[in-house]
Amino acid sequence: MQKEEQRRNYLLLYINGVRIEVRGEAVMRPLSDFLREELRLTGTKIVCAEGDCGACTVMVIAGDKIRIVNSCIAPLYLFDCQHLVTVEGLTVNGELNPVQQALVTHHGTQCGFCTPGFVVALTALVANRQRARTINEFQPQQELVQQELVQQELGGNLCRCTGYQGIIDAAKSIDIESIPFVLAHLLHPEIERDLQLHRTTELLIEQEQHQQQDQQRRLFAPTTLAAALAFLADSSSEGGAGPCLVVAGASDLGVQFNKRKRTLPSRILSLSAISDPKLCTVAITVAEGGGRQLVIGGKVTLAQWRDAMQEMPELQQIPELFEINNFLQYFASPQIRTVATLAGNIANASPIGDTLPLLLVTDSRLELQSVRGSRIVALKEYFLGYRQSVLAKDELITRIFIPLLPLRPSLALPQQLGWRLRLYKISRRKNLDISTVSVAFMAHFSDDWSTILEIRVGLGGVAATPVRVPLVEDFLRNKCYGEWGEKEWEELGKVLQKAITPISDLRADAAYRMQIVLNHFKKFFLECNLECNRRDNE
């Protein structure tokens, strides 16, 4: 840890270009509450308080990237040394910016409650496209691509009365090339210098004694991994301050706190200020056995993971990357993907974590680190029970290792070794919804694609933990699936019933879950058959 005189006991924020220092209990509040009640910036609306509707969307200016977040589930302390922009900060000299004016012109609002969130999200989209100078999607001759992009970027914003066509038309009408940079009035070099200077100091905030706790609440945001591990060790030691809550993105924790299903502990460790490459890097490296692996740092968000893969030349040569890239597009919403981490999805040990079936079928491994050292744990050995894992109280998930198949020249060519990875998420909505069931298949086919030589199946939402199903995998090994009839599918169904015992809850009953899993076996084999036939005809 840094010396006491090198630490700060306050948050430093810039909000709409205005410098703000925050102390005391306010640092623990949701960002939306602080904006509305402390600063009276009531344009940011709170509707669901679960990160589902986007009415609370706020923009974060972070270097060359503009990102959007749900302020209703985000604790204020996660934005220490950040520049935030609310809907009130988007006007220029009292005049509407081009996004706001477009929504007026194209009748993109009725009651207006969701409108601030749409305005912020659309302005972020425009700003990022302007910065990247990639405006082809917005040319009239590529209208279909343009609309698809807008729909993707607004996947976390819901409108209850206007209907989306006016909003989409407004976005399509904006001439990015001809308008000034939409955030130019908020970018000042002295702001970034001030923030960067403060990012080098640790944040330690202590609050007065509170109910049901004998000790002060401490919030610690270190700048190094070593300091974070030391704080964890102190909190978890016998006679220590414990228990300690580790926070990276809080996308799940924020909902629990808002719905009063969880109370703040006496110790909070925020990873927001750590820039250690181990925690923050996405890379392809050589594994111990000589193969290639995708390494993802424990602090990497889902958006950063996807962005990093899209910049990799191997994206078109490694089929797993291509499939994962497409799958992540439907993980929650843009507002959640910018804060949620892969490590957090694992650490929650939820049976419906969207990435977990993928990690199971790829035989992924985790690096768990503490002051005692580090250890490697296979994901299939990580889960102990419902929201229970082998992660010790003083350990962090520092890296995730995903083994990769060999390179091939192009995704358009037959795949080496006949492997196929497919990921499916079954939920009530395609975008921004919790999965009812998730399914991952990784299968090795014969040269003529008629026989399953090996298959790995990962399932979420059918047991207390995400699971592999060895009984089913053994049953399918060396099966010729292409000409299966009703008898073979009945046999698979019986094996599946022995392998999993789904529960019934508000999302679906056990019979539905069982049927939906069986249906996705059929879908996977059908897709493989169609692909094989297509290539035979080429």
Side-chain angles (χ1 to χ4, degrees), residues 1-2 6-15 18-39 41 44 49 51 56 58-62 67 69-86 194-208 210 213 215-225 227-228 231-232 235 241 243-258 262-275 279 298-299 301 335-336 338-341 344 347 396:
M1 292 187 185
Q2 295 177 350
Q6 294 176 309
R7 297 184 196 148
R8 284 181 291 118
N9 64 352
Y10 61 91
L11 304 183
L12 174 63
L13 306 170
Y14 276 82
I15 298 180
V18 178
R19 192 180 194 275
I20 298 173
E21 294 182 5
V22 186
R23 293 174 171 80
E25 293 187 6
V27 303
M28 305 291 182
R29 303 186 69 183
L31 171 58
S32 57
D33 288 358
F34 180 78
L35 294 174
R36 291 176 56 84
E37 297 173 14
E38 299 292 331
L39 303 185
L41 297 174
T44 300
C56 67
V58 168
M59 194 185 310
V60 183
I61 301 176
R67 60 190 178 99
V69 300
N70 287 315
S71 61
C72 68
I73 57 174
L76 187 63
Y77 58 79
L78 284 185
F79 301 99
D80 181 41
C81 295
Q82 300 289 329
H83 188 179
L84 309 180
V85 182
T86 70
D194 190 20
L195 293 174
Q196 190 58 41
L197 177 64
H198 282 75
R199 288 180 186 131
T200 62
T201 59
E202 293 178 340
L203 174 69
L204 179 63
I205 295 179
E206 296 184 340
Q207 294 184 354
E208 296 298 325
H210 52 95
Q213 295 286 349
Q215 299 174 337
Q216 288 179 320
R217 179 181 290 146
R218 303 184 78 190
L219 166 66
F220 184 47
T223 57
T224 66
L225 175 59
F231 186 79
L232 266 183
S235 299
C244 182
L245 177 67
V246 179
V247 180
S251 56
D252 185 50
L253 291 170
V255 178
Q256 296 180 42
F257 291 136
N258 283 353
R262 190 165 184 165
T263 57
L264 286 173
S266 60
R267 295 294 180 268
I268 300 174
L269 172 64
S270 171
L271 306 181
S272 60
I274 300 177
S275 57
L279 293 182
K299 196 187 153 188
T301 67
Q335 289 93 326
I336 290 178
T338 58
V339 296
T341 64
L396 290 177

Measure across [X] and [Y] and return the closest heavy-atom pair with its distance rounded to 0.1 Å.
X	Y	result
Cys81	Arg8	SG-NH2, 3.6 Å
Ala250	Leu78	CB-CD1, 4.0 Å
Asn258	Pro30	OD1-CG, 3.9 Å
Arg217	Pro265	NE-O, 3.3 Å
Val27	Leu76	O-CB, 3.6 Å
Arg218	Leu204	NH2-CD2, 3.4 Å

Backbone of [Y] reached by a side-chain donor or acceptor of [X] within 3.5 Å:
X	Y	answer
Asp80	Ala273	no
Ser71	Leu31	no
Thr201	His198	yes

Side chain to side chain contact (heavy atoms under 4.5 Å, CB included) involving [X] - partner list, sequence neighbours excluded:
X	value
Val255	Glu50, Ile73, Lys259
Val69	Val58, Val60, Arg67, Phe79, Thr338, Val339
Leu39	Ile15, Ile20, Phe34, Leu35, Leu41
Asp252	Gln256, Asn348, Arg387

Rounded to the nearest 0.5 Å, how far does [atom2] of [Y] lie from [atom1] of [X]?
X	Y	atom1	atom2	value
Glu37	Arg29	CD	CZ	4.5 Å
Leu219	Ser266	CG	OG	12.0 Å
Leu195	Arg19	CG	CZ	8.5 Å
His83	Ile61	NE2	CD1	4.5 Å
Cys244	Leu269	SG	CG	5.0 Å
Arg36	Thr86	CZ	OG1	11.5 Å

Stepwise side chain to side chain contact (heavy atoms under 4.5 Å, CB included) test for Met28 and Ile268: CA-CA 10 Å; Met28 305 291 182; Ile268 300 174; 3.8 Å; yes
All side-chain hydrogen bond (donor to acceptor under 3.5 Å, both in side chains) counterparts of Thr44, not counting sequence neighbours: none
Results of side-chain hydrogen bond (donor to acceptor under 3.5 Å, both in side chains) for Tyr14 - residues two or more places apart only: Asp194
Under the salt bridge (Lys or Arg N to Asp or Glu O under 4.0 Å) test, residues paired with Arg23 that sit two or more places apart: Glu21
So do [Y] and [X] actually touch side chain to side chain, heavy atoms under 4.5 Å?
X	Y	result
Leu203	Ser270	no
Asn70	Ile336	yes
Glu206	Asn9	no

Step-by-step side chain to side chain contact (heavy atoms under 4.5 Å, CB included) determination, Arg199 to Thr223: CA-CA 8 Å; Arg199 288 180 186 131; Thr223 57; over 6 Å; no
